[in-house]
> 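For reference, the structure I am asking about is given below.
Note: hydrogens, waters and symmetry copies are ignored here, and every other heavy atom, side chains too, is used. When a residue number appears, it is its place in the shown sequence, counting from 1.
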Amino acid sequence: AQVPQPDPQPWVSFSTSNYTVGEGDGSVTITVTLSASSTQTVTVDYETVDGTASSWPDERDYVPTSGTLTFAPGETIKTIVVTIVENTCCEDNETFTVMLSNPVGANLGSPSTATVTILDDDVCP
């Protein structure tokens, strides 16, 4: 008798590796996708990492976030919302990274990191 083979694991990744958000926009929504729907629950961890943008409270450009996304069977799209902090500093555009790790029920696809660029909206003298 033929033993049924399990479905191949889907790939989990960001929909794109670069996002841009205005400093005054309030937040940025980052999309994570599965390459195919699964018959099982899939989870993947995420976290933000400072680049030139800071998550430190005294000079915060964005609110750091981390957690686990859970794809129920059949779901293929999840989003991460990162809060952007409006400040009055005259500064260059700044970046931070969001990273995926520890997938369960899926393989880590590419891109597994996404760079977010915050466009400064302050008028510099």
> I need the minimum non-hydrogen distance between Val98 and Phe14, along with the two atoms involved.
O-CE1, 3.4 Å

> Rounded to the nearest 0.5 Å, what separates atom OG in Ser37 from atom CD in Glu75?
10.5 Å

> Roughly how far, to the nearest 0.5 Å, is OG of Ser66 from CD1 of Ile80?
10.0 Å

> At what distance, to the nearest 0.5 angstrom, does CD of Glu86 lie from CD of Glu23?
4.5 Å

> If every non-hydrogen atom of Asp120 is compared with every non-hydrogen atom of Asn93, which pair is closest and at what distance?
N-OD1, 2.9 Å

> Decide yes or no on side chain to side chain contact (heavy atoms under 4.5 Å, CB included) for Val12 and Leu108, but give the supporting numbers first.
CA-CA 5 Å; Val12 60; Leu108 199 56; 4.2 Å; yes

> Looking at every heavy atom in both Thr31 and Tyr19, which two are closest together, and how far apart are they?
N-OH, 3.1 Å

> Test of understanding: clusters of I, L, V, M, F, W, Y form through side-chain heavy atoms closer than 4.5 Å, transitively. Do Val85 and Ile118 belong to the same one?
no

> Would you name the heavy atoms of Leu34 and Ala106 that are closest together and state the gap between them?
CD2-CB, 4.2 Å

> Which residue pairs satisfy the side-chain hydrogen bond (donor to acceptor under 3.5 Å, both in side chains) criterion with at least one member in residues 101-117, sequence neighbours excluded?
Asp45-Asn102

> First locate atom CD1 of Ile84, then atom CG of Leu119, and finally report the distance between them rounded to the nearest 0.5 Å.
10.0 Å

> Does any N or O in the side chain of Ser35 come within less than 3.5 Å of the main-chain N or O of Trp11, such that one atom is a donor and the other an acceptor?
yes

> Applying the 4.5 Å side-chain criterion to the ILVMFWY set and letting contacts propagate, would Ile30 and Val21 be lumped into a single cluster?
yes

> Are side-chain heavy atoms of Thr43 and Thr68 found at a separation under 4.5 Å?
yes

> Is there a chain of hydrophobic side chains (I, L, V, M, F, W, Y, each step under 4.5 Å between heavy atoms) that links Val116 to Leu69?
yes

> Apply side chain to side chain contact (heavy atoms under 4.5 Å, CB included) to residues Thr76 and Thr33 and explain how you reach the verdict.
CA-CA 5 Å; Thr76 57; Thr33 61; 5.9 Å; no

> Determine, step by step, whether Val32 and Tyr46 satisfy the side chain to side chain contact (heavy atoms under 4.5 Å, CB included) criterion, reporting the C-alpha distance in whole Å, the side-chain angles of both residues, the deciding distance to 0.1 Å, and the verdict.
CA-CA 10 Å; Val32 179; Tyr46 66 90; over 6 Å; no

> So Thr52 and Asp92, side chain to side chain contact (heavy atoms under 4.5 Å, CB included) or not? Walk me through it.
CA-CA 9 Å; Thr52 53; Asp92 292 332; over 6 Å; no

> If you define the side chain from C-beta out and look only at heavy atoms, does anything of Val82 sit under 4.5 Å from Phe96?
yes

> Which pair of non-hydrogen atoms, one from Ala36 and one from Pro10, has the smallest distance, and what is that distance?
O-CB, 3.4 Å

> How far apart are the closest heavy atoms of Val44 and Phe71, and which atoms are they?
CG1-CE1, 4.3 Å

